Amino acid sequence: MTEQNPMSNGGFAGGDPPHVCITCSDQLLRMVVERVDESGMIASGSIEGEPAEIGVDLIDGVAPGDILLCHGGVALQRVSEATGIELGL
Amino acid sequence: MKFADEFRDADIARALSQRIAGEAGDKHWKIMEVCGGHTHTIFKYGIEDLLPSNVELVHGPGCPVCVIPMGRLDDGIALAKRPEVIFTCFGDLMRVPGSDGSLLDAKAAGADVRMVYSPLDALKIARDNPDKKVVFYAIGFETTAPSTALTLLRAKAENLRNLFVFCNHVNIIPPMKAILDSPDLQLDGFLGPGHVSTVVGIRPYEFVTRTYNKPVVVVGFEPLDILQGVHMVIQQILQGRCEVENQYTRVVHDEGNPKALDVLGRVFQLRTQFEWRGLGFISQSGLELREEFDEWNAEKMFTVPGVRVADPKACQCGEVLKGVLKPWECKVFGTACTPETPIGTCMVSSEGACAAYYNFGRYSRARERERAMGANGNGNGNGAVKELKPIEVKAG
């Protein structure tokens, strides 16, 4: 997770500026899927190198190797290959 | 990092920057980035340094922490202070000042306030503490609402009766309309919120092109995404087009995420109106739980003050949220109001325009001054740099 724990520095008093807020801030985190449980509702993998479990109820056919965009503990979309338009080409 | 590094390529950024400068001409362009995540990227990577001075980025209302009115926050704090309650929320909310302290202050005074990363964490806390009432203070746009909806569906399926949601979820479209209707601000176009659009798709923005004749480009969150979005808005206008375009095709599908939309429809309905900090009451801009979730609805199961509270007089978050004022134009910015001692919500969340500007943007202005005096910038404009880097934040 990229968010700084607000308890870790006594409530942000000084120190580094806070990292990106997970609250909403329209921020999604990328998870690389390593395993999907038998129910098909929970995927485990890593987010920025840290182990994570994510609900995948809202994405069809999640499989190991998929890259998912996650927010609030839930995957909202699968990332596909970048296209030319997105690289300014 | 795959899917990130290629969107920070300095050579492509310079090429885009030159194209924008060449095509922008002498006109003064005002383009609003709706989303707080974009604001954060713009300041973090010094995007404004890569744009000509006549292309102005106006920061919009897309930071959900920032738009929560103080009265709703006071309601949450009142719930947190109840002895039978375990109060859960996302981290940023804990620092937002209410009219009599913050959630962190309530926690320091003995309230059981816990930060969670997901409403599903609140569900687990409720399972583990059957003798307590667990309240989740839900905020966020359409990106966040699906996780709350899934949590409620699971709680109902489990017949878990000690979890309650205090719902402050909002929709991004109504405030965009309010801004377009405002005489205070004349915009040329919008950079649409990328991750909200993963859920809602791109069609909800068509009213902006149809009714207001302003182009919308849904963009991603890397520096090249933002630059390309700006270029696409300018190109649309120069070519006489007015469309909703999708720059963020690696993530956003035109139809959004139908499963997420279905879940939202099963759990939530539109409120008649909802108050936004700085924007006032906007009709059909907020979500509330459907009647079948009354037993999980904190507003139905607890008594809260429900009092409307005015913002502190010195705070000009409202004008900042509408894009009428730049953060540094607020009377208390950087003096009485800092990330350590925020007065307004825009200084609390890292996605808030004031915090983003305080943490990163002021260095950009310092570089402008340095360049004017003949010194070097931060390197983002240096031809030898191969990748755009976040701006280094210095202590103090």
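Chain identifiers are assigned alphabetically (A, B, ...) following the order of the sequence lines, protein sequences preceding nucleic acid strands; residue numbering begins at 1 within each chain. Fair warning: this is a prediction, and the values are worked out from it, not measured in the lab.
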[X] versus [Y]: any side-chain heavy-atom pair under 4.5 Å?
X	Y	answer
B:H195	A:Q77	no
B:R154	A:M41	yes
B:L120	A:V74	yes

| remark: On a heavy-atom basis, the closest approach of A:H71 and B:T144 is NE2-OG1, 2.8 Å

| field | Closest heavy-atom pair and its distance - A:G72, B:S118 | value | O-OG, 2.7 Å

| said: Within this structure, what is the OH-CG distance for the pair B:Y117 and A:L29, rounded to the nearest 0.5 Å? | reply: 10.5 Å

| field | Basic-acidic side-chain contact under 4.0 Å: B:K259, A:D60 | value | yes

| message | With a 4.5 angstrom heavy-atom cut-off, is it the side chain or the backbone of A:L76 that approaches chain B, or both, or neither? | response | both

| Within the distance-only criterion (no hydrogens, no angle test), does the side chain of B:N257 pair as donor or acceptor with the backbone N or O of A:L58 below 3.5 angstrom? | yes

| field | Pairs of heavy atoms under 4.5 Å with chain A: top-ranked of B:T148, B:D262, B:L150, B:V252 | value | B:L150

